Amino acid sequence: MDAAPPVAAPPRYSLPPVRRPEEDILFCVDVDLEALTEMKPAASASGPSSGSASTGSPQQPAGAGAGGAARPALRRLDAVKQALLLFVHGKRKICPGHRFAFASLGETVSMVRHRPCHDPFISRLPLVGFRVKKDFSSDPGSAMEAVHSLAASGSRYETADLTPLFKIAYQEGKRAESQGRLLRVILIYCRSSTKPHHQWPVKPKNFTLDIFYLHDKPTADNCPQKVYDALVDALEHVSQYEGYILETSQGLARVIFREMCILLSHPMQRCIQDDLDIPKQVAKKTLATEAAQNEDGTPVSSQQ
Amino acid sequence: MSPSADAAAPASTSGPPLAPLIAAQLSYLLSHSKLPIKVEQIWSGCRNGRYSDRFTLSIPLCLDYVHWDFLYNALAPKVAPDVVFGPDDEGFQPLVDYAEAGSGDKSCLAGWDYRDPRGLLALVHELRELYVEYHKKQVAKVDDARVTFELSTVLSKEGIEVCMVPSADRPEEVKFSVPLLDVDFDFAKLVPGCPWKLPQKIHLQVIFPISRSSSYSSVPSAPRLKLISTPDLKSLFSVEDEKLPPWSNGMCLAEYLPALEESLNLRVVEASASIGARRRFIEALAPTFGRPIEADPIFCREATVLSISGIFTFLVHFAIPLQFPRQQPALTLQSSQHLNANGTPIMSLPINDYPWSPRWDQAEMVERIYDFLTDECQNFKKFCSDTITQQK
């Protein structure tokens, strides 16, 4: 048997002086019944916790099986909402010019509309500037309102049509390009048996698509692998820059937060997904893997 | 295509939109002038006018701004605008100056074409140049031998502007705005991928007190000196951190400027080299910390990495100072798992008191930061848990 050819080392990271456009990021969140699947309670106090109810989501129970007062379990959508806010704040810390808009995916896509914003100067100089679509905003309060308004209806949808999402993204992509900005869509999908579909023709690619797939473990009654493959096909069909598709079936909120942080990466500064090496452990070498195994019994790999 | 951010938005505009031809001239001015002109207000000359036809512009002069009103008439669009200067400018009569000069030169107002969008830009630039000359004449009249002497020695330097500094509670002063470094010096060339739209400059602001005695017997006091840069330049070089050479007794500008310019030249070259050092530092983060999530590719002032300690995932934001590597980066940690009371992820304060030496090579700097963080992230994790517990 021939030896496998040596795998080429991934290219070294370099930071050439190429302009980094600010992003307009459109989140599209699945609100199917499966978004209400319960998460696993955290094994230790280092699990996700929120200081108050102001985030609009129930607090993570601090200890599993503690036998104390029953608290509502965290649901997928609640963890996703916290993750979205984490993302917005993280991205704003990196660069305050990035902006965000939100949409939900039931059978089809609908945008969460911000309150209209009036800019008197832009409207008084008809020959200068251009019409700014006010759905994207860098205001964290606005993002919080939009995230809180996302709600699962409790229905199981038969289909998931991504065509309107791509249409909106394509139009916004053109607008973003004219403003020197970069459009990205982050799709958060929760269904283990329903493959998404689309009729998007071959068109110039002017937005990047990332996907985060939250699903159940494979059983005889579902087909998450098929759904995953369909998601990969959609991503490869439309994404301008390297889009990442991350998935988890663990049902742990901290994993959702971790994976969302990977998606913070700017599309024009990314490596290909196969070469992803983050997050990297910051720990004295011998203690790192021990600590990880003690806390929840599963070995931690950066790409889990 | 460039974003619309360059078109300055005025502080307050209420009222109807500008008449189209006037709007065209204003747009052209804002997008083509190399001066950082701002629009302050827009209004209509008529009480219930359909269109606005008047606006106030802030025009840079001598390291300050003058505010002039430009009054068009939407009901008589072919007529050139009137211009109202500031309250202290009774003596500025540009059209009279042309007549008196007798050279046959005319203002651009003489050939005003209301359909030409370039009209306003030509007018503003012309008036500003005349205004600069007017101020030079005002200062030349001042009865102070030192000021007169200084003026005569530097007037030949291109781009000098001077003006009186009126003051109610202080004796009058004269301000010189002296552009430093070569007139063709292009800071943008020092920055690969530079995004600046307007040319950048450093000026020396010199304020001479006026002492009306015309004798040389008393040594004139030193002027007040300040370095002032155009705003974009701050991302490359901070004039505030520059220590000016001392002004010794009896010195004059012609003696002072060369030493200042030489030292400034060196500092600017250092600042440019620092970009390269910061870029290499960010690149050196990758083998140890993983590929950065995002980094500033032009000025290399910021980079963020995603790290994990056990199962605690957190971001590390690096803020790299202009004087790197002499000054060390500030580190801010941000949890992915803990939110404070108003729903924002818990962040540490910026940390910049960890072990550091500018003489280390990039790889060592990164290793030392990594070692520091192995302990510090545990402290941070505890800080986050404690904060959560206190909020309950």
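Every chain is numbered from 1, with letters handed out A, B, ... down the list of sequences. Worth saying up front: this structure is predicted, and the values here are computed from it rather than measured.
- A:Y244 carries A:R270 over the face of its six-membered ring, with the cationic atom under 6.0 Å from the centre and within 45° of the normal.
- When the ring-ring contact (aromatic ring centres under 6.0 Å, His included) test is applied to B:Y72, the partners found at least two apart in sequence or on another chain are B:F55.
- Only the side chain of B:C300 comes within contact range of chain A, judged by heavy atoms closer than 4.5 Å.
- Your options are A:M268, A:R12, A:H266, A:M260, and the one with the most heavy-atom pairs under 4.5 Å with chain B is A:H266.
- Proximity to chain A (any heavy atom under 4.5 Å) is restricted, for B:T288, to the backbone atoms N, CA, C and O.
- Contacts of B:E294 with chain A are made by both backbone and side-chain atoms, with heavy-atom separations under 4.5 Å.
- Of the two parts of B:S336, the backbone and the side chain both hold a non-hydrogen atom closer than 4.5 Å to a non-hydrogen atom of chain A.
- For B:T389, no part lies under 4.5 angstrom from a heavy atom of chain A.
- Contacts between B:L315 and chain A at a heavy-atom distance below 4.5 Å involve the side chain alone, from C-beta outward.
- If you measure heavy-atom distances from B:P195 to chain A, you find no contacts under 4.5 Å at all.
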So B:F314 and B:F312, ring-ring contact (aromatic ring centres under 6.0 Å, His included) or not? Walk me through it.
CA-CA 7 Å; B:F314 57 100; B:F312 172 53; 5.3 Å; yes
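- Counted by atom type alone, B:T344 and B:N342 present one or more donor-acceptor pairs between their side chains at under 3.5 Å.
- Looking at B:T374, the atoms closer than 4.5 Å to chain A (heavy atoms on both sides) sit in the backbone and in the side chain alike.
- With sequence neighbours excluded, the residues satisfying side-chain hydrogen bond (donor to acceptor under 3.5 Å, both in side chains) with B:D375 are A:K284.
- Applying the salt bridge (charged side-chain N to carboxylate O under 4.0 Å, His left out) test between A:E23 and each of A:R92, A:R99, A:R181, A:K91 identifies A:K91 as the sole match.
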